[in-house]
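Below is one structure, written out as structure tokens, with a few remarks after it.
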Amino acid sequence: MINKKTTPAFKADITIGLHKGYSDSLWSLNELKTSLNKAQKLLKESKEILLSAKVTLCDIVFLGQDEPSVTISFINYPKFPIEKESFKEGVEFIARTILDDLKQNRIVIVFDDETTMLEQSDEIDKNIKLN
């Protein structure tokens with residue numbers, strides 16, 4: 001017998017570049033996953049929020065910038081359903097933890113209803129040509 005469970009559908013994607021700061025050195029996928037796992041554990045311990053994630057390699061391309069990156073995707077997983085506000089709080093907690101842990105400048109979260117950018121400074125990648 002197959003059990004069926006549904007929850008309200010909401011999702012979020014975090015995208016973060018893999019360059020260490022604005023250097024040519026890269027974080028490995030394993031280092032990123034270690035940071036993600038640490039953030040998930042801290043979230044569970046501090047707020048009792050459980051968020052499963054899907055990690056997908058991608059590239060950020062913008063006016064000369066071509067940076068290896070990762071998108072971390074979250075859904076309201078029916079096995080561990082939560083309310084929308086707790087979901088958003090948890091995703092932002094994970095984003096802030098990874099941003100700090102990997103010493104990055106900026107991270108973007110795309111929710112169903114808004115896009116949020118967290119940044120340490122206004123500095124941008126030297127490869128982006130705005131003029």
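Throughout, numbering of the chain's residues begins at 1 and tracks the sequence. Hydrogens, waters and symmetry mates are skipped; everything else that's a heavy atom, side chains included, is used.
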Tell me which donor-acceptor pairs under 3.5 Å the side chains of residues 56-65 have, and how far apart each pair is, sequence neighbours excluded?
| unit_1 | atom_1 | unit_2 | atom_2 | d |
| --- | --- | --- | --- | --- |
| Q65 | NE2 | E67 | OE1 | 3.2 |

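- Residues T116 and E114 have side chains in contact (heavy-atom distance under 4.5 Å, counting atoms from C-beta outward).
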Derivation and outcome, side chain to side chain contact (heavy atoms under 4.5 Å, CB included), residues N37 and K33:
CA-CA 6 Å; N37 205 303; K33 287 180 183 179; over 6 Å; no
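- The side chain to side chain donor-acceptor pair (under 3.5 Å) check on K84 picks up nothing, with sequence neighbours excluded.
- There is a side-chain donor-acceptor pair under 3.5 Å between S28 and E31.
- By the side chain to side chain donor-acceptor pair (under 3.5 Å) test, E83 is found to be paired with no residue, residues two or more places apart in sequence or in another chain being considered.
- In D122, the CG atom is not crowded: 12 or fewer heavy atoms of neighbouring residues, nucleotides or ligands sit closer than 6.0 Å.
- Proximity of F80 to I82: side-chain heavy atoms (C-beta onward) are nowhere separated by under 4.5 Å.
- In this structure, P78 and T7 approach most closely via the heavy-atom pair CA-CG2, 3.5 Å.
- Taking all atoms of both residues into account, the shortest heavy-atom contact from A95 to I109 is CB-CD1, 3.6 Å.
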Anything under 3.5 Å between a donor and an acceptor, one on a side chain of residues 8-22, the other on a protein residue two or more places apart or in another chain? List them.
| unit_1 | atom_1 | unit_2 | atom_2 | d |
| --- | --- | --- | --- | --- |
| D13 | OD1 | S73 | OG | 2.7 |
| T15 | OG1 | T71 | OG1 | 3.2 |
| Y22 | OH | N105 | ND2 | 3.0 |
| Y22 | OH | R106 | NH1 | 3.2 |
| Y22 | OH | E123 | O | 3.0 |

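- Residues I94 and K38 fail the side-chain proximity criterion, which asks for heavy atoms closer than 4.5 Å.
- Of all heavy-atom pairs spanning F87 and N76, the tightest one is CE1-N, 4.0 Å.
- A heavy-atom distance below 4.5 Å is not found between the side chains of W27 and L32.
- When the side chain to side chain contact (heavy atoms under 4.5 Å, CB included) test is applied to K79, the partners found at least two apart in sequence or on another chain are Y77.
- The residues E92 and R96 are annotated as salt-bridged, a charged nitrogen and a carboxylate oxygen being separated by less than 4.0 angstrom.
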Would you tabulate the side-chain donor-acceptor contacts of residues 46-55 under 3.5 Å, counting partners in other chains and residues two or more places apart, or write 'none'?
| unit_1 | atom_1 | unit_2 | atom_2 | d |
| --- | --- | --- | --- | --- |
| S46 | OG | L42 | O | 2.8 |
| K47 | NZ | E89 | OE2 | 3.2 |

